Every structure is written in C-alpha cells, then in structure tokens.
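Reviewing the structure listed below.
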Amino acid sequence: MKSHTNKNYFKYIIGIFFAVLIVLGIVAINSANQKLVHNDGEQKNILEDEVEEIDTVEEAIEKPKIPPAQLRLNTVFFGDVFWGRYVDDWSKASPLSFAYPFSGLDTFEKNKEDVWIAGLECPITSTYLSSKEQDSTLKFSCPVEYTPEAAKWFEAFTLANNHTDNMEEVDGFAQTKANLEKNGIQYFGHYDNSVKKDICEVLSFRATNIYSDPTHSNNDTTAKHIPIAMCGFQNIFRLPKEDELQVITEYAKYFPTIALPHQGKEYTYKADSLQQTYNRRLIDLGADAVIGNHVHSVQNTEAYKGKLIIYSLGNFIFDQQFSAQVTQAIGANLDFLFENDSDLQKYLEFSESCKQFQDSCLEQAQSLKLNKPKFSIKYDIIGSDNSKKLTKKASDAVFQGLKTRTNWERTKAQLE
C-alpha cells in the first residue's frame, strides 16, 4: 500500500515539473513575439522615415519647366470712348459718379479677354468745358477724374482723331498723354498725320501660355508680354499722303500690325469709295487688319487679301442718344495665337520695354534682324448698346441686326 502511494506521488511531481516547463515556454514565446513586434514596428518606422526623406528630397529638386507651345493674346477693339459733355452730366447725377460710364461694362465678361483697345475721342485735361459749351463749339474735353476708372477696363487708346487737339490752349494733347501714362494706359497715334513718328507705336500686352500637354499648364507662371504695332490715322480734314501711309510698312516687317484709321461720312451704314481705297491701301502696305471708326454708326466689313477690314465700329461710350444707329456698336475680337519658337523668344526678351511711348522697340527689332513672329488670328465681333445712357452688351436681337448690317458671317467665312 505504501509502495503504490509513493508511485502516485512521484507521478504528481513529474506532472508539475512538465507543467512548469510548458508555462515557461509559453512565456518565452510571448516575450520573443513581443520583441519581434517591437522590432518590426521600429523597422516600419525607419522605412516610413526613409520614404518621407526621399519625398522631401524629390520636392527640393526643382522640376524642369516645360515651355508653352504657344502664346495667346486675345484682344478686343471697341469704338469711340468719350466721357465728356453729357456723359459727365449723367455721371454727376449718379451716385456712382466717375465710375458711372463704365458701370455696365462687366456685362462683356472682360475676364475672357486679355486686352481692350478703343478710340479716345477727347483730350483729358485739367481745364474743362461745360456740356453746353462742348455742344455749341463741338470742342470736346474729358475730365481727368474719370481716367483711373477707365484704366480698370482699357489697356490702350488711339489718339488719332479730330478731337484730341480740342483743348490746345492748355496743351491738351500733352496733358492727355501724361494722364494716360500716369494711369498705366498705353496709347498711339496723333491728330496730325504729318507727325509721322507718332503714327505707329509698338505696344506690349500680357499673353497667356498655351501648353501642348495640359498637365504642364501650371508649371510655368512667368508672365509673357507680346509686342504689337498699332498705327492710327486721322483722315478727317485731309487724307494721308503716301509717305505717311508707308510708315506702317517698317513696323509690319517685324511686328503684327493693326491699323486704326479715323475716317468716313458720319451716320452712314456703308463705307464710301475713299474709305475703301485707303483701308485697302493699308493692307497692301502690310497691315494685318484694319479697324476703322469715326462715323458714329456701324458700317460694313470685308475680307481683303485674306485680312480683316472693319470700316466703322460705332460709338462705344458716348452721349449721342437720338437713334439706335448711334447707340448700337460692335467690338472686333482678334484672338492671336503665337508659335513659341526662337523668333518669338527674341521678341520676349525686350517686350517689357515696349510699354513706353516712343520706345526703341522697332529699332531693336531692326538691329537684331528679327523675323516677324509666326501667328494666326481667330476673328469674331461683339455687340454693344449704350441706349438709356449706359454702355452694356447688346441683346441677341440687336446683335443679330448688327451682324446682318456688317455682313459678318460672310466676312468671317472668307477669313477662315
């Protein structure tokens, strides 16, 4: 009996011993697993740190800039702008004051275009005539206080018309140019074509980069400016001489060149033979487009040698209200697309300096023997209506009438 008891006791001790070994084994395995998990976490953290470091290095390395394939310059040419006489009276009666003449222009969605150019048909002077005085003498003057508001909309004005010398007794033409410069508005042209050095001027406008690969659209944010030649002719009191017309030829050799003649019989719908002769002559001499005005109404358009001629745009901002003929007008939309090649790059190097009046841009192009940039133009027109004493975008019905009057669809088809 005693022997049997001792055997059981021995088995019991052996069982406890193996149980302890199993428990110790389990503890050892768990400890090892925890260590592995800890080490694996450390390894994972190290790998994540290395990846972040690589990303940081890649970000620090500047990605190569892809140059744009083309540069776009979307321009709109509007008719006569005048904030004197009764426009000034309307503005003084409005709580908008000097901003009033321009308060309807947001209907044109200018953010879709780059540049607005128009004809300024008055001197901007410190001396000012009342509306009755301007009406009786037909001597125009525009108060200087409107100029900062005009600068919010217009990048350039042509001064080649029969009213910019109306305040000559206070040197109004010089004051006009000074006031435009002060407000960052470029200008060109002269009321006297015999001042040949002022007929044409190279202006510079900011363009938009166009990329062949859309993913690079935000890769190059450097502003580019395109130099364009503008030539104004005042042909009211006498027609220009051949040597005055030929001024355009030198500019057209090197720059895209737009001619803006001020000419024609007032309040007519169709250009006369003299308008046609002189406008076509400007194309013959190298102009890439001719956009005329003066007659206070919209006239016909045509394609001549594959280039656009608009004989009259009509009144854009003006105080004439006696008929729809003088309140309805068009804007000429010329959308330029320049090939960004080595020729254009040479122009971009000095284009910033072309913002100054009587700059040396033509001389620079001549000395460098530059080739005229390669470009194409898409054409369209915009309808405007300044009835009820405020300029705004024309209704569809008015615009359709203007398209019919100008023969626009036919002209556009010939241009394309």
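Remember, predicted model here, so these are calculated numbers, not experimental data.
Partners of Thr107 under the side chain to side chain donor-acceptor pair (under 3.5 Å) rule, at least two apart in sequence or in another chain, do not exist in this structure. With sequence neighbours excluded, the residues that form a salt bridge (Lys or Arg N to Asp or Glu O under 4.0 Å) with Lys374 are Asp341, Asp343. A search for side chain to side chain donor-acceptor pair (under 3.5 Å) contacts involving Asn161 returns nothing, not counting sequence neighbours. Judged as a side chain to side chain donor-acceptor pair (under 3.5 Å), and not counting sequence neighbours, Thr147 has no contacts. For the salt bridge (Lys or Arg N to Asp or Glu O under 4.0 Å) test, residues two or more places apart in sequence or in another chain that qualify with Lys196 are Asp243. For Lys403, the salt bridge (Lys or Arg N to Asp or Glu O under 4.0 Å) criterion is met by Glu409, not counting sequence neighbours. For Lys307, the salt bridge (Lys or Arg N to Asp or Glu O under 4.0 Å) partners at least two apart in sequence or on another chain are Asp288. Taking the side chain to side chain contact (heavy atoms under 4.5 Å, CB included) definition, one finds that Lys112 meets it with Glu109, sequence neighbours left out.
Electrostatic pairing of Arg280 and Glu302 counts as a salt bridge here, judged by a charged N lying under 4.0 Å from a carboxylate O. Taking the charged nitrogens against the carboxylate oxygens, Arg206 and Asp114 have no contact shorter than 4.0 Å, which rules out a salt bridge. Remark: Arg238 engages Glu244 in a salt bridge, criterion side-chain N to carboxylate O under 4.0 Å. The pair Glu242-Arg281 counts as a salt bridge, with a side-chain nitrogen and a carboxylate oxygen less than 4.0 angstrom apart.
Looking only at atom types and distance, the side chain of Gln186 has no donor-acceptor partner in the side chain of Glu155 under 3.5 Å away. A donor-acceptor contact closer than 3.5 angstrom links the side chains of Asn74 and Asn333. A side-chain N or O of Asp89 and one of Ser131 form a donor-acceptor pair less than 3.5 Å apart. When only modelled atom types and interatomic distance are considered, Asp359 and Ser353 share no side-chain donor-acceptor pair under 3.5 Å. There is a side-chain donor-acceptor pair under 3.5 Å between Tyr304 and Asp284. Using modelled atom types, one finds no donor on one side chain facing an acceptor on the other under 3.5 Å when comparing Gln234 with Gln263. Between the side chains of Gln275 and Asn235, no donor-acceptor pair of N or O atoms lies under 3.5 Å. Remark: the Glu349 side chain and the Gln345 side chain contain no N/O donor-acceptor pair separated by less than 3.5 Å.
Applying the salt bridge (Lys or Arg N to Asp or Glu O under 4.0 Å) test to every pair with at least one member in residues 258-276, sequence neighbours left out, gives no pairs at all. Screening residues 386-415 for ring pair (Phe, Tyr, Trp, His ring centres under 6.0 Å), with sequence neighbours left out, gives no hits. Evaluation of the salt bridge (Lys or Arg N to Asp or Glu O under 4.0 Å) test over residues 313-326, restricted to residues two or more places apart or in two chains, returns Arg85-Asp319. Counting only residues at least two apart or on different chains, the salt bridge (Lys or Arg N to Asp or Glu O under 4.0 Å) pairs with a member in residues 376-391 are Asp380-Lys412.
If you look at Phe318 and His296, their ring centroids are closer than 6.0 Å. For an aromatic pair to be called close, the ring centres must be under 6.0 Å apart, and Phe173 with His190 satisfies this. With ring centers used as reference points, Phe322 lies under 6.0 Å from Tyr267. The aromatic ring centroids of Phe78 and Trp116 lie less than 6.0 Å from each other. The aromatic ring centres of Phe154 and Tyr187 sit 6.0 Å or more apart.
Closest of all the heavy-atom pairs between Ser384 and Ile330 is OG-N, 4.2 Å. When all heavy atoms of Asn209 and Leu71 are compared, the pair lying nearest together is OD1-CG, 4.0 Å.
When the options Phe255, Phe77, Phe157, Tyr251 are evaluated for a side-chain contact (heavy atoms from CB on, under 4.5 Å) with Met230, the one that passes is Phe77. Results of the ring-ring contact (aromatic ring centres under 6.0 Å, His included) test with Tyr146 over Phe82, Tyr100, Tyr128, Phe98 single out Phe98 as the only residue that passes. When each of Tyr191, Phe237, Phe140 is paired with His163, the ring-ring contact (aromatic ring centres under 6.0 Å, His included) condition holds for Phe140 and for no other. The one candidate from Thr164, Thr158, Asn162 that meets the side-chain contact (heavy atoms from CB on, under 4.5 Å) condition with His262 is Asn162. Applying side-chain hydrogen bond (donor to acceptor under 3.5 Å, both in side chains) to Ser360 and the options Gln356, Glu363, Gln364 leaves one that passes, Gln364.
Between Tyr254 and Lys372, every side-chain heavy-atom pair lies at or beyond the 4.5 Å cut-off. Looking at Phe205 and Ile117, their side chains come closer than 4.5 Å, going by heavy atoms from C-beta outward. With contacts defined as side-chain heavy-atom distances shorter than 4.5 Å, the pair Thr176/Asn179 does not qualify. Side-chain contact between Gln321 and Thr327: present, with at least one pair of heavy atoms (C-beta onward) separated by less than 4.5 Å. When side chains are defined from C-beta on, Val76 counts as touching Ile382, because their heavy atoms get closer than 4.5 Å.
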_Could you walk me through whether Gln276 and Tyr311 satisfy the side chain to side chain contact (heavy atoms under 4.5 Å, CB included) test, starting with their C-alpha distance in whole Å, then the side-chain angles of each, then the deciding distance to 0.1 Å, before giving a yes or no?_
CA-CA 8 Å; Gln276 188 177 72; Tyr311 285 100; 3.4 Å; yes
_Could you go through Val290 and Ile283, starting from their C-alpha distance and side-chain angles, then the distance that decides it, and tell me whether this counts as side chain to side chain contact (heavy atoms under 4.5 Å, CB included)?_
CA-CA 7 Å; Val290 178; Ile283 296 288; 3.7 Å; yes
*Does the pair Asn407 and Asn300 meet the rule for a side-chain hydrogen bond (donor to acceptor under 3.5 Å, both in side chains), with working shown?*
CA-CA 6 Å; Asn407 301 315; Asn300 54 300; over 6 Å; no
*Check the pair Thr411 / Gln414 against side-chain hydrogen bond (donor to acceptor under 3.5 Å, both in side chains), numbers first and verdict last.*
CA-CA 5 Å; Thr411 298; Gln414 291 174 340; 4.9 Å; no
*Verdict with supporting geometry, Ile226 and Leu348, side chain to side chain contact (heavy atoms under 4.5 Å, CB included)*: CA-CA 7 Å; Ile226 299 288; Leu348 299 180; 4.0 Å; yes
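Atom CZ in Phe188 sits 9.5 Å away from atom CD1 in Ile258 (nearest 0.5 Å).
The side-chain tip of Lys110 does not point at the ring of Trp153 from less than 6.0 angstrom away and within 45° of straight on.
Below 30°, between 30° and 60°, or above 60°: for Phe350 and Tyr347 the angle between ring planes is between 30° and 60°, a tilted geometry.
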